[in-house]
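What you see is a predicted model; the values in this text were computed from it and never measured. Chain letters run A, B, ... following the sequence lines, proteins first, then strands; residues in each count from 1.
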Amino acid sequence: MNLLRTIQNQFRAALVGLVPDVEPYVAMIKPTQDAKHGDYQANCAMSLAKALGKKPRDIAQDIVKRLDLSDLLEPPEIAGPGFINLRLKSTWLAKQVQAIANDDRLGVALQPAKRYVIDYSSPNVAKPLHVGHLRSTIIGDALTRLLRFLGHTVITDNHLGDWGTQFGILLYGYKNLLDNEAYKKDPVRELARVYIEVRKLIGSDDEDNAANSVADACRAETAKLHHGDPENNRLWREFMPHCLAEIHEVYEKLGILTFDHEHGESFYNPLLPGVVESLLQTKTAEPGEGGAIIVRFSDDNVALVRKRDGAFTYTTSDLATIQYRLNEFAPNAVLYVVDFRQSQHFANLFAAARRWGIAAVELTHISFGSVLNRDGRPISTRKGDGSELIDLINKAVEIGLQKYQESYAERKAQGHDVPDLTEAVQRDIAETVGIGAIKYADLCQNRTSDYKFDYDKMLATEGNTATYMQYAYARNRSILRKENIDPMTLRNNPPSVAIDTPPERALAIQLLRLEESLLAAVAEYQPSAVTAYLWDLAKTYSGFFQNCPVLRAESGALKQSRLLLCDLTARVLQKCLNLLGIKTVDRM
RNA sequence: GCCCCCGUAGCUCAGCUGGAUAGAGCAGCGGAUUUCUAAUCCGCCGGUCGCAGGUUCGAGUCCUGCCGGGGGUACCA
């Protein structure tokens, strides 16, 4: 069910014959910002006025006359310079709501399937996950869930940084600082400890440029690894599973989907000489200064694909990755969820790929802004400022628990009927609320904006937060629980829906807008379209909850109708949250 | 130097290929509780949309210039 598309179809039919290409004008139909202008508005008459050399209001008149209202629309109103205000018929809305009551997909149609490869999270192995990996992971996970729900095939690939200088650090630490007993007992923890110790010895945040003997020794270990030193390569293979285990543990805690593939840089390493050769052959690349190989885009914009010393760069590796993915997965699109600072790299990468002959595949950099601390500065990756991801998660959960307990005490003191929950259940709620809060705070932002990581704000119970959605959901579930109502009975035999009051009508429309919002989210790769929808839905539901008694409705039929609206609301809330990777709780 | 992004209410941000009087949340102020969970709801207050031009019937949105902030810019990824 797609309200917008349904209305647009009616308009398309009405516009055919007026102008050669109707699509731009069909696209000028959108939801109204103000309910007093109806549900949707068509703004095409003003634009058509110029093309047709007539008065906009006359054209609006004309369109309305040609429009088949069917049982869909009330007679439209023409307002202002030529706006056509559209109001859906309540009887039609009621029927649509009833029709999706028993639909697992909640009225959302499967879209023509495409194949996507999506590259996200992509941490540097051997370093603890820190806050900088948060957005890519959360956004990528949400987009994967959204695309899959809409019927697409999504191949997820975690492009690990598993061949970089951090392994030099690990190798040096292993050889010089290892506690053997500890390593045997808990290799993940010991390697993490050793890594941090060496980082302290290096002293600089920028391990590549640090100048001291330990830094030099680490670089030497990296070089040995890259040049095929058997010992270092053996150790690399020994470390990798441990490093991955550490990362997977955090993913699991966060509730991130399992990746289909985790092909890191090391996987592509053997392919790089061939890639450069091919780049040269196809004249994609050319020799640069001092024996380097470059792809030149303009006088002052070049991408290096082979350094003077013969080593390859991430551009080379990324080109090899594109080629591999095309051969292996034959996707329609490859998406990269990587922060905005790599915009130029991706612009160059895609340009190089096109020149290399890669066509007919969408290549998109899904860029996002930085996570800032309270002072508005990017959160440093330096150890000790609490930026390790696992610490942030634990703290959010802790605050979630605290908030629950405060709220419980407060409600109890006011004499409210609050369920007494076991400690284990309380912890579950805190996990769901805390982790949901982190994810929601991230996703509800326009992804291109920076945002401040602020526990108070993300765990607030008011406003556009996960907690507010969780609460709306829990309150809703409580209604059915109160009278032991089985939702399946309601769904299998849906009652007719009454939408006689404004809150019921508003809720019905909102419920039917699910597909519209999911498609908008996917079209722009913008999960915040879903949170915006959730926020609207939750507020609309609040109005309904406040003004339309369900269990004490005036009649049995009305009660059934409202129960159905309730149940559907809960399912849509839950579905949207789940599509964002957020779990729900039935009580809180 | 060159390129990219951003600048909207005291704060944090929306603003959907230009559309009606620029919207939310927080904070502030004032209300609602014999409750289907008040982790809630309702009302009020609050903006020369960085500045100046231009295009248009119509500009927060598009174009140009300037100011301010951030990022990138051949051997890190």
Interatomic distance at [atom1], [N] relative to [M], whole Å:
N	M	atom1	result
B/rU8	B/rC49	P	11 Å
B/rU48	B/rA22	P	12 Å
B/rC75	B/rG70	C1'	26 Å

Hey, does the side-chain of [X] have a donor or acceptor N/O within less than 3.5 Å of a partner on the base of [N]?
X	N	result
A/Gln41	B/rA20	yes
A/Tyr314	B/rA77	yes
A/Asn85	B/rA20	yes

At a heavy-atom distance below 4.0 Å, what parts of residues 46-59 of chain A sit against RNA chain B? A/Met46, A/Ser47, A/Lys50
Applying a 4.0 Å non-hydrogen cut-off, can you work out what A/Cys548 is touching in the nucleic acid: base, sugar-phosphate, or nothing? base
Counting only side-chain nitrogens and oxygens, does A/Arg587 get under 4.0 Å of the OP1 or OP2 atom of B/rU37? no
Atom pairs under 3.5 Å, N or O on each side, protein against nucleotides 10-14 of chain B: can you list them with distances?
unit_1: B/rU12; atom_1: OP1; unit_2: A/Lys452; atom_2: NZ; d: 3.2
unit_1: B/rU12; atom_1: O2'; unit_2: A/Lys457; atom_2: NZ; d: 2.1
unit_1: B/rC13; atom_1: OP1; unit_2: A/Asp450; atom_2: O; d: 3.3
unit_1: B/rA14; atom_1: OP1; unit_2: A/Asn446; atom_2: N; d: 3.4
unit_1: B/rA14; atom_1: OP1; unit_2: A/Ser449; atom_2: OG; d: 2.6

Does B/rA39 have A/Tyr468 stacked on its base, where the ring centres are within less than 5.5 Å and the planes differ by under 30°? no
Is A/His345 stacked on the base of B/rA77, meaning ring centres closer than 5.5 Å and planes within 30 degrees of each other? no
A/Tyr314-A/Phe312 aromatic ring centre distance below 6.0 Å: no
Using Watson-Crick pairs (N1 to N3, plus N6-O4 or O6-N4) and G-U wobble pairs, both distances under 3.5 Å, which stems of at least 3 pairs involve RNA chain B? B:1-7 with B:67-73, B:10-13 with B:23-26, B:28-32 with B:40-44, B:50-54 with B:62-66
Whole Å only: how far is the CZ atom of A/Arg296 from the C1' atom of B/rC2? 15 Å
